[in-house]
Novice: 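Structure provided below as structure tokens; questions to follow.
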Amino acid sequence: MNVLELSEQEIVRRQSLQELRDMGIEPYPAAEFPTNAFSEDIKNDFKDEDEKREVVIAGRMMSRRVMGKASFVELQDSKGRIQVYITRDDICPEEDKTLYNTVFKRLLDIGDFIGVKGFVFRTQTGEISVHAQSLTLLSKSLKPLPIVKYKDGVAYDKFEDPELRFRQRYVDLIVNDGVKDTFLQRATVVRTIRRVLDEAGYTEVETPTLQAIAGGASARPFITHFNALNVDMYMRIATELYLKRLIVGGFEGVYEIGKNFRNEGMDRNHNPEFTCMELYVQYKDYNWMMSFTEKLLETVCIAVNGSTERKVGDNVISFKAPYRRLPILDAIKEKTGFDCNGKSEEEIRAFCLEKGLEVDETFGKGKLIDELFGEFCEGTFIQPTFITDYPVEMSPLTKMHRSKTGLTERFELMVNGKELANAYSELNDPLDQEERFKEQMRLADKGDDEAMIIDQDFLRALQYGMPPTSGIGIGIDRLVMLMTGQTTIQEVLFFPQMKPEKKIPQSSIKEWGEIGVSEEWAYVLRKAGFNLISDIRDEKAQGLQQKIGDINKKYKLGYEKPSVNDIQAWIDAAANVAVVTEEAE
């Protein structure tokens, strides 16, 4: 990277880096720096009457107040922040005061990692601090942090632009309070789910992420190519069909917490790459699974929040069991007045059109009902509600309802207006399953690009016999949103999918060379704000010479300044390039 592509502060920091090395100080030492304490633990454990406690701490320097021979630093480690008191004579007990006067005061920067050995004490203002007796540079930061500054109660330089926060999560975690806590709570959610399932005697397993058939859900997959086998493969959209194979194989209960991939839209509730927990247990049905799910989510909420309630936006949601149970057709009738029971596909389509929904001939009965529920019902269920008994057209992997013709034993759990979980009494009749797959293929032929493909190996597994089984899938990202009170999925993903980063259009160094500008002066022109060749065509030669000369002087580049005639030749060539481009267009 050319030095002129860096910001002013980055240039200064690299100069400090080199100066440290020239002094024999390694800015990135390889040796272990053993610590024995963390900031929050030091403050929580401190008692004024205790004997002086020696500590070794390390972290990122987040602020610095230099007051002559003494200074205060705010050190941030993995648990929080603590003040460090540094004096010149304590860290430089000999005559050589370079470590304090030069290294600490001038060559260290906010964001650098330092190690401190010292003792804990309370300052005259009452703040528990560490009195440094030695100081070690552990890592030099070459980019400045966007540290928030306050003046008259007003905050400046906040790092709050979502585009920057999600793209540079590492910076977000450093400078914004509470962000790390959200992800620690996410870890608690996953850890608690795993503990509950393990204690129930179920086995955590791993199934393929690359699959020959995208099965187990109705969704559009990502497609890739497997070079070794010379076949196209799919990133999995669900783990269901492989987990059921393991139930066939004799496991009592299996679960997987892993990534699924659906090549669909992105918004505040959806990310194409998401985490899901799927659980399958033999000899159970969807009624048992509803009760198990209530207890699981109640346990998770208590583990994360200390109670069964959580405020999300304007809503206070209670995860205290039991939850309301409502058949989907009753929900549609409750919200629209239209009873889908006994209605034909055409009658339901006509009602959808009457209500202004965008549906067409490719929509089967199940998808039409799904559209009605999504438009008029889903967003209205704030408290946890089991929506049950879905039509068979919507549920190709679900057992037929034991008493309601045309319906299946399936539920979706709605919380805060969104689906959180999907569960079935699993279909274990291989002949019925084959017919359901064939119906899905007929929907695909009609243009439904989310219809399932027949998985012949899964049918073969069912033919060996699968016991009565209940299964559920819970979206971990949405669950974490609920348990942490976040309203966008990007807040609970370390690295959400983003559009490609926008870059300032620039003429290449080669293109600058084609009009006679050398590489070194091309970078100078960019630093002066001329990113495109066309940017200089209206400049005056003497004025442009002055601008680039100032940069040459400021950064002590030592380049031989081009003459006014040379620069005029650049401007004329740039004008000719612009004319040729315009004529070509």
Novice: Answer yes or no: is there an ion pair linking Asp89 with Lys69, defined by an N-O contact shorter than 4.0 Å?
Specialist: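 Salt bridge absent between Asp89 and Lys69.
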Novice: Might you work through the side chain to side chain contact (heavy atoms under 4.5 Å, CB included) test for Met23 and Arg21, ending with a clear yes or no?
Specialist: CA-CA 5 Å; Met23 295 170 64; Arg21 284 184 165 144; over 6 Å; no
Novice: How about Glu74 and Val84: do any of their side-chain heavy atoms sit closer than 4.5 Å?
Specialist: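 Contact flag for Glu74/Val84 side chains = no.
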Novice: Can you tell me if Glu426 uses its side chain to pair, donor with acceptor, with the backbone of Gly471 under 3.5 Å?
Specialist: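 Here the side-chain-to-backbone pair exists.
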Novice: Taking 4.0 angstrom as the limit, do Glu298 and Lys295 come out as a salt bridge?
Specialist: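 Looking at Glu298 and Lys295, the cut-off is not met.
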Novice: For atom CG of Leu210, decide whether the heavy atoms of other residues, nucleotides or ligands shown that lie under 6.0 angstrom number more than 12.
Specialist: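 Yes, enclosed.
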Novice: Can you name the nearest heavy-atom pair linking Pro34 to Val56, along with the distance?
Specialist: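 Taking every non-hydrogen atom into account, O-CG1, 3.2 Å.
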Novice: Within this structure, what is the NZ-CD distance for the pair Lys117 and Gln133, rounded to the nearest 0.5 Å?
Specialist: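 Spacing of NZ (Lys117) from CD (Gln133) equals 10.5 Å.
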Novice: Please name the pair of heavy atoms, one in Thr188 and one in Ala303, separated by the smallest distance, quoted to 0.1 Å.
Specialist: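 The pair with the smallest heavy-atom distance is CG2-O, 3.9 Å.
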Novice: Does Asp314 have more than 12 heavy atoms from other residues, nucleotides or ligands lying within 6.0 Å of its CG?
Specialist: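 12 or below, so no.
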Novice: Just checking, is any N or O donor in the side chain of Gln83 or Ser129 under 3.5 Å from an acceptor N or O on the other one?
Specialist: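 Looking only at side-chain atoms, Ser129 and Gln83 do form a donor-acceptor pair, the distance falling under 3.5 Å.
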Novice: Is any side-chain heavy atom of Val480 less than 4.5 Å from a side-chain heavy atom of Gln486?
Specialist: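 A side-chain contact is absent here, since even the closest heavy-atom pair is not under 4.5 Å.
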Novice: Hey, are the side chains of Tyr555 and Leu4 touching, using non-hydrogen atoms and a 4.5 Å cut-off?
Specialist: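 When only atoms from C-beta onward are counted, Leu4 and Tyr555 do touch, with a gap below 4.5 Å.
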Novice: How far does CE of Met483 sit from OG1 of Thr182, to the nearest 0.5 angstrom?
Specialist: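 If we round to the nearest 0.5 Å, Met483:CE and Thr182:OG1 are 14.0 Å apart.
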Novice: A cation-pi test, strictly: NZ or CZ of Lys418 under 6.0 Å from the centre of the six-membered ring of Phe381 and no more than 45 degrees from its axis. Yes or no?
Specialist: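 Relative to the ring axis of Phe381, which defines the angle, Lys418 lies outside at least one limit.
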Novice: When you compare the side chains of Gln211 and Arg236, does any donor N or O come within less than 3.5 Å of an acceptor on the partner?
Specialist: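 Arg236 and Gln211 do not have a side-chain donor-acceptor pair below 3.5 Å.
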Novice: Can a salt bridge be assigned to the pair Glu334 and Arg324 using a cut-off of 4.0 Å between side-chain N and carboxylate O?
Specialist: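 Here Glu334 pairs with Arg324 in a salt bridge, since their nearest N and O are under 4.0 Å apart.
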Novice: Any side-chain donor paired with an acceptor under 3.5 Å for Ser307 and Asn305?
Specialist: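 Distance-only check fails for Ser307 and Asn305.
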Novice: Looking at Asp109 and Lys140, does any basic side-chain N land under 4.0 Å from a carboxylate oxygen?
Specialist: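 Salt bridge between Asp109 and Lys140, a charged N being under 4.0 Å from a carboxylate O: yes.
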Novice: Could you check whether Arg478 makes a cation-pi contact with Phe274, meaning its NZ or CZ is under 6.0 Å from the centre of the six-membered ring and within 45° of the ring axis?
Specialist: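 Pair Arg478/Phe274 does not count as cation-pi.
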Novice: Can Glu5 and Lys527 be counted as an ion pair, charged N to O under 4.0 angstrom?
Specialist: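 No, no charged N to carboxylate O under 4.0 Å.
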Novice: Look at atom NZ of Lys43 and say whether more than 12 heavy atoms of other residues, nucleotides or ligands are closer to it than 6.0 Å.
Specialist: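 Buried by this count: over 12 neighbours within 6.0 Å.
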Novice: Can you tell me how far the CG atom of Leu296 sits from the CZ atom of Arg195, to the nearest 0.5 Å?
Specialist: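 Spacing of CG (Leu296) from CZ (Arg195) equals 9.5 Å.
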Novice: Is the shortest side-chain N to carboxylate O distance from Arg165 to Glu160 below 4.0 Å?
Specialist: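 Judged by the 4.0 Å cut-off on N to carboxylate O distance, Arg165 and Glu160 do not form a salt bridge.
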Novice: If the threshold is 4.0 Å, N to carboxylate O, is there a salt bridge linking Arg169 and Asp172?
Specialist: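 Here Arg169 pairs with Asp172 in a salt bridge, since their nearest N and O are under 4.0 Å apart.
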Novice: Would Lys311 and Glu309 satisfy salt bridge (Lys or Arg N to Asp or Glu O under 4.0 Å), going step by step from the backbone distance to the final call?
Specialist: CA-CA 7 Å; Lys311 192 172 190 298; Glu309 292 186 347; over 6 Å; no
Novice: Taking atom types as modelled, is there a side-chain donor on Gln185 or Asp181 under 3.5 Å from an acceptor on the other?
Specialist: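 Asp181 and Gln185 do not have a side-chain donor-acceptor pair below 3.5 Å.
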Novice: Does the side chain of Thr207 pick up a donor-acceptor pair with the side chain of Glu256 at under 3.5 Å?
Specialist: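 Result is yes, a qualifying pair exists.
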Novice: As an exercise, state the distance from CE of Met266 to CD of Glu273, rounded to the nearest 0.5 Å.
Specialist: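 Rounded to the nearest 0.5 Å, the CE-CD separation comes to 12.0 Å.
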Novice: Check whether more than 12 heavy atoms from other residues, nucleotides or ligands sit under 6.0 Å from atom NZ of Lys47, and answer yes or no.
Specialist: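 Open.
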Novice: Salt-bridged, Glu10 to Lys143, with N to O below 4.0 Å?
Specialist: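 Salt bridge: yes.
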Novice: Between Ile114 and Leu135, which heavy-atom pair has the shortest distance, and what is it?
Specialist: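 That closest heavy-atom pairing would be CD1-CD1, 3.7 Å.
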Novice: Using side-chain heavy atoms (C-beta onward) and a distance below 4.5 Å, is Ile472 in contact with Asn422?
Specialist: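 Ile472 vs Asn422: side chains apart.
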Novice: Going by atom types only, do Asn315 and Asn416 share a side-chain donor-acceptor pair under 3.5 Å?
Specialist: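 A pair is found: one side chain offers a donor N or O, the other an acceptor, under 3.5 Å apart.
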Novice: Between Val175 and Pro146, is any pair of side-chain heavy atoms under 4.5 Å apart?
Specialist: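 A side-chain contact under 4.5 Å exists here.
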Novice: Any non-hydrogen side-chain atom of Leu173 less than 4.5 Å from a side-chain atom of Tyr170?
Specialist: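 They are not in side-chain contact.
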Novice: If I compare all heavy atoms of Ile237 with all of Ala219, which pair ends up nearest, and what's the gap?
Specialist: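 Reported closest heavy-atom pair: CD1-O, 3.9 Å.
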Novice: Less than 4.0 Å between a side-chain N and a carboxylate O, is that true for Asp41 and Lys79?
Specialist: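 Yes, charged N to carboxylate O under 4.0 Å.
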Novice: Between Thr388 and Tyr286, is any side-chain donor less than 3.5 angstrom from a side-chain acceptor?
Specialist: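 Result is no, nothing qualifies.
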Novice: Does the side chain of Tyr424 come within less than 4.5 Å of Asp285's, by heavy atoms?
Specialist: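 Not touching, per the 4.5 Å side-chain cut-off.
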Novice: So, Glu95 and Lys97, do they make that salt bridge, N to O below 4.0 Å?
Specialist: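 No, this pair does not count.
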Novice: So, for Tyr323 and Pro384, which heavy atoms are closest and what is the spacing to 0.1 Å?
Specialist: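 Looking at all heavy atoms of both residues, the shortest contact is CB-O, 3.4 Å.
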Novice: Report yes if the side chains of Ile128 and Thr123 come closer than 4.5 Å at any heavy-atom pair, otherwise no.
Specialist: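 They are not in side-chain contact.
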Novice: Is the charged tip of Arg186 near the ring of Phe183: under 6.0 Å from the six-membered ring centre and within 45° of its axis?
Specialist: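 No, Arg186 does not sit over the ring of Phe183.
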Novice: Are any side-chain N or O atoms of Arg81 and backbone N or O atoms of Asp77, one a donor and one an acceptor, separated by less than 3.5 Å?
Specialist: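 No: the side chain of Arg81 does not pair with the backbone of Asp77.
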Novice: Determine the sole option in Leu279, Val254, Val281 for which the side-chain contact (heavy atoms from CB on, under 4.5 Å) test with Leu197 is passed.
Specialist: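 Per the side-chain contact (heavy atoms from CB on, under 4.5 Å) rule, the option paired with Leu197 is Leu279, out of Leu279, Val254, Val281.
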Novice: Just by distance, with hydrogens left out, do Glu278 and Tyr280 show a side-chain donor and acceptor under 3.5 Å apart?
Specialist: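 Result is yes, a qualifying pair exists.
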Novice: Rounded at 0.5 Å granularity, tell me how far CZ in Arg14 sits from OG in Ser16.
Specialist: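 It comes to 12.0 Å.
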Novice: Parallel, tilted or perpendicular: which fits the ring planes of Phe72 and Tyr85, with parallel below 30° and perpendicular above 60°?
Specialist: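 Ring orientation, 0 to 90° scale: tilted.
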Novice: Can Arg268 and Glu491 be counted as an ion pair, charged N to O under 4.0 angstrom?
Specialist: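 No, this pair does not count.
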Novice: Step by step, would you call Glu204 with Arg194 a salt bridge (Lys or Arg N to Asp or Glu O under 4.0 Å)?
Specialist: CA-CA 8 Å; Glu204 183 173 9; Arg194 186 172 275 119; 2.8 Å; yes
Novice: Measure across Pro467 and Gln282 and return the closest heavy-atom pair with its distance rounded to 0.1 Å.
Specialist: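 Looking at all heavy atoms of both residues, the closest pair is CG-OE1, 3.7 Å.
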Novice: Please report the interatomic distance CG(Asn2) to CZ(Arg526), rounded to the nearest 0.5 Å.
Specialist: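 Here the rounded value is 9.0 Å.
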Novice: Can you list the steps and then say if Leu137 with Val103 is a side chain to side chain contact (heavy atoms under 4.5 Å, CB included)?
Specialist: CA-CA 9 Å; Leu137 173 62; Val103 176; 5.7 Å; no
Novice: Going through the checks in order, is the side chain to side chain contact (heavy atoms under 4.5 Å, CB included) test met by Arg325 and Phe411?
Specialist: CA-CA 9 Å; Arg325 305 181 183 193; Phe411 72 78; over 6 Å; no
Novice: Apply side chain to side chain contact (heavy atoms under 4.5 Å, CB included) to Leu243 and Phe251, showing your working.
Specialist: CA-CA 10 Å; Leu243 292 175; Phe251 282 88; over 6 Å; no
Novice: Taking the six-membered ring where the residue is Trp, are the ring centres of Tyr255 and Tyr202 under 6.0 Å apart?
Specialist: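 For Tyr255 and Tyr202, the ring centres are not under 6.0 Å apart.
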